Amino acid sequence: MACARLRRLPGHARPSIVPGINKPLSPFGQKKPMLDVTSAHEIADDARVRANVVRLAAAQALTGANSAVIFATGAIVGATLAPDMSFATVPISMYVVGLAAGTLPTGAISRRFGRRAAFVIGTALGTLTGVLGSFAILHGSFALFCIATFLGGLYGSVAQSYRFAAADGASAAYRPKAVSWVMAGGVFAGVLGPQLVQWTMDVWQPYLFAFSFLVQAAVALIAMGIVAGVDMPKPAPADLHGGRPLLTIVTQPRFVAAALCGIISYPMMNLVMTSAPLAMKMCGLSVSDSNFGIQWHIVAMYGPSFFTGTLIARFGAPKVVAAGLLLEAGAAGIGLSGLTAMHFWATLIVLGVGWNFSFIGASALVLETHRPQERNKVQAFNDFLVFGMMAIGSFSSGQLLASYGWSAVNLVVFPPVVLGLAVLSLVSWARRRKARLEAAMGEFPDAI
């Protein structure tokens with residue numbers, strides 16, 4: 001396949017993938033029309049893309065049940081099976097390790113065999129997660145339960161590529177909306193996952209949650225049938241080794257800002273969400289209260305996706321990312337203000353909305369940094385950075401909560417958020433300044 005290129009025609013500004021992020025001006029201060037010229041294989045086919053979006057959104061909903069079950073039960077099961085209370089969140093940490101460990105292999109499989117093959121392998125791992133998790137609870141094995149959640153993380157790492165896959169072949173205007181709509185499938189995961197736990201947690205007494213994991217395995221099998229029908233052909237041989245070196249791409253200031261904001265938004269959300277169920281139990285609240293909080297947290301994580309893409313198109317990804325980081329800081333502030341069920345629920349809900357804005361906005365920024373033939377390696381590397389940092393932070397969450405309490409968990413959120421806002425502002429200011437200077441000189445700006 002011929003390498004796709006974005007060409008600038010005389011008298012036209014450079015193309016923009018996400019409207020509102022790049023707004024170069026002509027020497028006379030008026031915006032010029034933008035042209036996205038691609039090879040024949042990269043011409044947008046939004047009808048096919050929309051069909052894929054429907055399937056990927058459904059798969060996102062079912063795959064989200066996997067993570068919802070693990071996050072709702074992992075710390076509680078861990079506290080029951082672990083030799084020490086400080087190890088209670090290790091199963092969730094192993095899930096996050098799986099997320100990080102699976103990102104680069106997911107990209108490699110997608111490049112070599114196509115995204116659909118990676119999706120089917122992921123759902124198979126999800127099925128194994130449920131079966132093994134149930135077996136571990138029935139036999140009281142902490143180590144085996146950690147292996148099960150690690151496999152769940154591998155499944156989750158494949159599911160993280162759904163959002164990028166939705167944009168494959170889409171027109172420039174539809175890409176942020178495609179990403180956003182697939183993420184919106186998580187709304188149903190927010191209902192399905194915790195309710196699945198609520199309905200099934202006591203079925204095999206006295207083995208709390210054992211049947212929940214078995215049902216989760218069945219849900220993963222259904223997801224396998226859905227992703228098997230995704231219309232995504234294998235990459236052309238020219239795409240396997242095409243594009244610029246990875247180092248050249250990831251050292252762009254724009255990529256650095258996008259990756260850093262993703263690194264901050266997801267791990268900080270994970271830190272608070274991971275600790276919340278166990279903190280609620282330590283405060284004397286019920287498992288039902290915890291399930292309710294996680295359910296609405298997941299709904300808040302994905303519910304705004306119905307309009308996040310529109311917000312990005314209108315205001316630009318940097319502003320949406322900044323709003324999300326501020327909301328995450330606001331959630332930590334709520335967590336510091338009280339220990340009632342309402343305080344925990346409000347913290348989790350605001351945290352979810354903040355994650356949605358910051359993470360989807362950062363994902364849209366990543367789409368601005370690479371060419372079509374570079375997408376798999378760049379997207380996989382971005383997710384490796386995000387989930388690798390999550391894995392490092394996740395292992396400290398249980399110890400942080402056990403040693404210093406819920407307040408310390410919330411206080412940790414503020415410094416990274418300030419750093420992310422500062423870097424995002426600096427890169428955005430530098431881009432605007434360069435655009436103004438080059439426009440004043442009568443030249444069109446190149447990508448930073």
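The chain is numbered in sequence order, starting from 1. Nothing here was measured: the structure is a model prediction, and the numbers come from that model.
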- [ ] Search all heavy atoms of F414 against all heavy atoms of G333 and return the closest pair with its distance.
- [x] CZ-N, 3.9 Å
TODO: Could you tell me whether the side chain of T248 and the main chain of R244 form a donor-acceptor pair under 3.5 Å?
DONE: no
Solution key, residues 259-268 side-chain donor-acceptor pairs under 3.5 Å, sequence neighbours excluded:
from : atom 1 : to   : atom 2 : distance (Å)
S265 : OG     : C261 : O      : 3.1
S265 : OG     : G262 : O      : 3.4
Y266 : OH     : Q160 : NE2    : 3.3

TODO: For the pair S180 (side chain) and G309 (backbone), establish whether a donor and an acceptor sit closer than 3.5 Å, ignoring hydrogens and angles.
DONE: yes
TODO: May I ask you to decide if L62's main-chain N or O and N66's side chain share a donor-acceptor pair within less than 3.5 Å?
DONE: no
- [ ] State which residues pass side-chain hydrogen bond (donor to acceptor under 3.5 Å, both in side chains) with S67; sequence neighbours excluded, sorted by chain then number.
- [x] none
Task: Minimum-distance pair of heavy atoms, taken over all atoms of T347 and N410 - done: CG2-OD1, 4.3 Å
- [ ] For V120 and V227, work out which heavy atoms get closest and say how close.
- [x] N-CG2, 4.1 Å
Open item on the list: Please check: side-chain N/O of D289 versus main-chain N/O of A341, any donor-acceptor pairing under 3.5 Å?
Closed with: no
TODO: Provide the closest heavy-atom pair for L365 versus A258 in the form atom of the first, atom of the second, distance.
DONE: CB-CB, 3.5 Å
Open item on the list: Taking atom CH2 as the centre, does W345 end up with more than 12 heavy-atom neighbours from other residues, nucleotides or ligands that are less than 6.0 angstrom away?
Closed with: yes
Open item on the list: If I compare all heavy atoms of K377 with all of I249, which pair ends up nearest, and what's the gap?
Closed with: CE-CD1, 4.3 Å
Task: salt bridge (charged side-chain N to carboxylate O under 4.0 Å, His left out) between R163 and D383, worked out - done: CA-CA 11 Å; R163 72 190 195 279; D383 282 355; 2.8 Å; yes
Open item on the list: If you compare all heavy atoms of L325 against all heavy atoms of G420, which two are closest, and at what distance to 0.1 Å?
Closed with: CD1-C, 4.1 Å
Task: Partner residues of F307 under the ring pair (Phe, Tyr, Trp, His ring centres under 6.0 Å) criterion, sequence neighbours left out - done: none
- [ ] Would you confirm whether W406, through its side chain, and G335, through its main-chain N or O, come within 3.5 Å as a donor-acceptor pair?
- [x] yes
Open item on the list: Between R254 (side chain only) and E368 (backbone N and O only), is there a donor and an acceptor less than 3.5 Å apart?
Closed with: yes
Task: Min side-chain heavy-atom separation W355-Y302 under 4.5 Å - done: yes
Task: Pair S157-F387, side-chain contact (heavy atoms from CB on, under 4.5 Å): steps then yes or no - done: CA-CA 9 Å; S157 68; F387 299 117; 5.8 Å; no
TODO: Could you tell me whether a side-chain N or O of T340 sits under 3.5 Å from a main-chain N or O of H343, the two making a donor and an acceptor?
DONE: yes
Task: Flag, side chain of S161 to backbone of V158, donor-acceptor distance under 3.5 Å - done: yes
